[in-house]
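Take a look at the structure set out below.
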Amino acid sequence: MRTRDLDSLDYSGVCKRLADFATSEAGKRLCRDLTPTRKRAEAEAGLRRTREMLRLIEHRGRPPISAFPDIQAHLNRATPMGSMLGGEALVEIRVVLDCLRDCHRFFDKHSAAVPSLGSILSTLTPLPALRDTLHRSLDHDGHVLDQASDELAAIRVSIRRLRNTLSQRLEDLVARRGMNDVVADQYVTLRNNRFVIPVKASSASRLQGVVQDRSVSGETFFVEPLFAVELNNSLLNAVRDEEAIVRRILADLTDLVRTDTLPLAEAIGRLSEVDCIVAKARFAIEYSCTQPTFTDGEIDLDDARHPGLVFTGRPVTPIDIKLPKDKRALVVTGPNTGGKTVALKTLGSSALMAQSGLLVFASEGARLPLFDRVFTDVGDEQNIERDLSTFSAHVVNLREILAQAGEGSLILLDEPGVGTDPEEGAALAVGLLRYFESRTARIAVTTHYRSVKLHAVSSDACHVAAVDFDVEQLEPRYRLVYHSLGRSLALPIAERLGLDPEVLEAAREAQSEESRTFSDVLDRLEASRRDLELTREELNAQFDALAAQRTELSAREAESARLADDLRERRSRAWKEEVRAAREFLRELKEKGRTQLRAMRSSPNQRAEFASFVRAQEESLEGRVDALAAPAVAPATTPPAEVFSTKPTVGDTVEVGDRGIQGELLSVDGQRAWIQRGTLRFEVPAAQLRKVGRRKRAAPQVRIDRTLDRVEREVTLVGLRARQALEKLETFLDHAAQTDQNSVRIIHGIGSGALQRAVRDYLSTSPYCIGFRQGDENEGGAGVTVAVLE
């Protein structure tokens, strides 16, 4: 693409802002050098990578890419045989290797979240052998460590010993009695890499040794005593040996780097790419950008924003930019202050960003074609150096666009035909529209010319829009209104800006009748459009109100259903507790009965005692049967109780209105009353109570259901809804528990997993179940749950 077009759309400003989100200098350089691609597969891959990285950052945090240095120059210096890198350069290489290792670990753990980065991540080779060697050999400042070689460790031990011996003997000399008149100060120092002591110039002859230096004032000599000469020589030789060993180690480390130069250079390039992709994702998160979809011609950008306006940090009014697939040109009209040029630039910037792998400043669902080129003719193109007027410069630019634009190009023209006679300029603008309408390129044009507006309205290839403007307040609304033509409003705006009224009056008189008529027609059309828009807004508001009412009604219905479910659940829990108590009672009764039978068989005299036992248990069982009365509404087959007209009193059996709920009246307090039905207690309106007589207890009957002995060890719930399945499961578990089953299989299938979750949630609260597990492979696997019963 032409540099002038990229500059006109401030593409470099977007790239510079993107570079602020990169961590490394290499990554920042890639961001600044970013260019739009003309290949659809490449552009879509770039968008996928950015979107996947964005999701990864939102869910797992930013990848551990540190501000690694640019080591390409070090790699170049290490390439020739016999070269040697310094410790600091090797440490910078080690920093890059550390970053490679951290990124390799991170992406190896989360590779499934970024499948489109597979080809890049596969080359993030951490080179562990080289990294470990550099860590073992160098400290953070690049100094070679003792552990780098045994020989180096030994020579450094010797150096430390020589230094300690030399320093100790010189310190003893300085501290010796009688030396106060000789030494200038009691310390040991270095001169010419040799240990010396400061001696007064006047007393230098009293100490035999070699003068290595003197102070600036000349009053102090730095003397190396004779006994220290040999020790200093030994120390210097040891230091030279150390330096030679260090150079040899650095050369060896450089050889290791040379061996891995190619994979290291490739890994650094890939790491820089990852840094750039992370920057794109962070950029999108910061500015709430979204992933666009490439289309075969349709342009659909909702709530689009111009990057340059977003970067200012001020609130930005978004606009909708639309061009249907069957249209070739978008013609934007309206006054100068309405944002027509911003609309063009927003469209162009969005296209360039999308084709660079950047998410765009728009709402979800943005759709754009992939353009092979984007051409612009925006702003004042006057060129003094080339001796071109504004109009001539525009024509030269248009000539280049016509020569280079292809079928898949996007052309953005801001006020074509300006800078010359208005009538001829308008004719030129219409000619450009007709030229591009006959081709497959897309064109977006802003204009004030009446003839261009009329052509756009009458042409099937054009899609017209007007920038919305408050005519009363003369303030722009910064949005596009489609299927509408906007007035230029030059005179009203000039009046608002304080132009002399006499000039304005003369201008109005100079207007042609045709111009005034056209403006009046546009005003009437705009008024009609606004009335229709207000009507639509009112209808939308009514629709929203109805939707809110429906939502509220649905919420109330859901709450009623929830309360009903809660009531049923509480009844079910109470019933289960009663069943548990009854089962325990029956167990105790059976055990007592067996004991009595055994005693009766052993002694005939026990029959009277057994008969007494049976009568006592019958009375107890009668009370149990009363307690086990179901809390639900009486079945329809139950004969209606006799209704009395007298006012019910405490202890009477009553019925609540026409609900069919009967129970014993416990108490009455004003307008509220409480009744007992089985184990449940209800609060009801006192005015709805009717006395139906006192409840007659049926004679207790005990029956042992022999079908329980034939209960199956498994139940199939596949194909049932959750509520039906749980009802069937409850009955099954009740029978299984009464026949002393230890465990049962519940077949629910796999499916979406909803039925499995419902079954296991139920088992976790069931009084029958003390534990459950997923079925083994031979038991049905994930489609089966095995429940352990009490």
Side-chain angles (χ1 to χ4, degrees), residues 545-546 548-585 619-701 721-724 726-727 730-731 734 758 761-762 764-768:
L546 290 174
Q549 291 176 4
R550 284 197 299 269
T551 301
E552 183 180 358
L553 181 60
S554 298
R556 290 181 178 179
E557 291 176 351
E559 179 65 13
S560 298
R562 187 191 66 78
L563 292 174
D565 290 342
D566 184 55
L567 178 59
R568 283 192 293 271
E569 183 181 354
R570 285 191 279 115
R571 288 177 176 176
S572 177
R573 285 200 300 266
W575 176 248
K576 290 174 185 176
E577 290 299 323
E578 292 292 346
V579 169
R580 181 191 293 274
R583 186 177 294 112
E584 185 64 28
F585 169 74
E619 294 176 359
S620 176
L621 185 59
E622 181 181 351
R624 289 287 182 172
V625 170
D626 268 348
L628 285 172
V633 178
T637 57
T638 302
E642 182 181 359
V643 179
F644 296 92
S645 59
T646 58
K647 184 176 180 181
T649 59
V650 174
D652 289 340
T653 300
V654 295
E655 183 178 57
V656 183
D658 56 356
R659 300 185 189 178
I661 300 177
Q662 295 183 5
E664 179 184 351
L665 181 60
L666 299 179
S667 63
V668 179
D669 184 5
Q671 300 298 320
R672 310 302 298 170
W674 286 263
I675 65 173
Q676 181 82 25
R677 175 74 178 183
T679 59
L680 296 181
R681 189 166 178 261
F682 297 90
E683 180 184 354
V684 297
Q688 296 183 13
L689 294 180
R690 292 183 300 170
K691 180 179 178 181
V692 296
R694 292 196 175 270
R695 181 176 177 181
K696 298 180 180 179
R697 293 184 176 175
Q701 296 181 358
R721 294 185 179 274
R723 180 171 298 178
Q724 297 171 334
L726 295 182
E727 290 175 354
E730 182 177 6
T731 303
D734 182 57
D761 289 344
Y762 174 80
S764 64
T765 59
S766 173
Y768 302 111

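Expressed to the nearest 0.5 Å, how far OG1 of T653 lies from CD of E664 amounts to 6.5 Å. From E727, atom CD reaches atom OG1 of T731 across 8.0 Å, with rounding to the nearest 0.5 Å. With rounding to the nearest 0.5 Å, the separation of CG in L666 from CG in D652 is 11.5 Å. Atoms CD and CZ, from E655 and R690 in turn, are 4.5 Å apart once rounded to the nearest 0.5 Å. In this structure, Q676 CD and S667 OG are separated by 10.5 Å, a value rounded to the nearest 0.5 Å.
Remark: R550 pairs with no residue by the side chain to side chain donor-acceptor pair (under 3.5 Å) rule, at least two apart or across chains. The side chain to side chain contact (heavy atoms under 4.5 Å, CB included) check on D761 picks up nothing, with sequence neighbours excluded. Remark: Q724 pairs with L720, R721 by the side chain to side chain contact (heavy atoms under 4.5 Å, CB included) rule, at least two apart or across chains. Every residue meeting the side chain to side chain contact (heavy atoms under 4.5 Å, CB included) condition with R556, not counting sequence neighbours, appears here in chain and number order: E552. Residues forming a side chain to side chain contact (heavy atoms under 4.5 Å, CB included) with A758 (at least two apart in sequence, or on another chain): A722. The side chain to side chain donor-acceptor pair (under 3.5 Å) test applied to E730 returns no partner, not counting sequence neighbours.
The two residues V668 and A686 come nearest to each other via the heavy atoms CG1-CB, 4.2 Å. Looking at every heavy atom in both residues, V654 comes nearest to K691 through CG1-CA, 4.3 Å.
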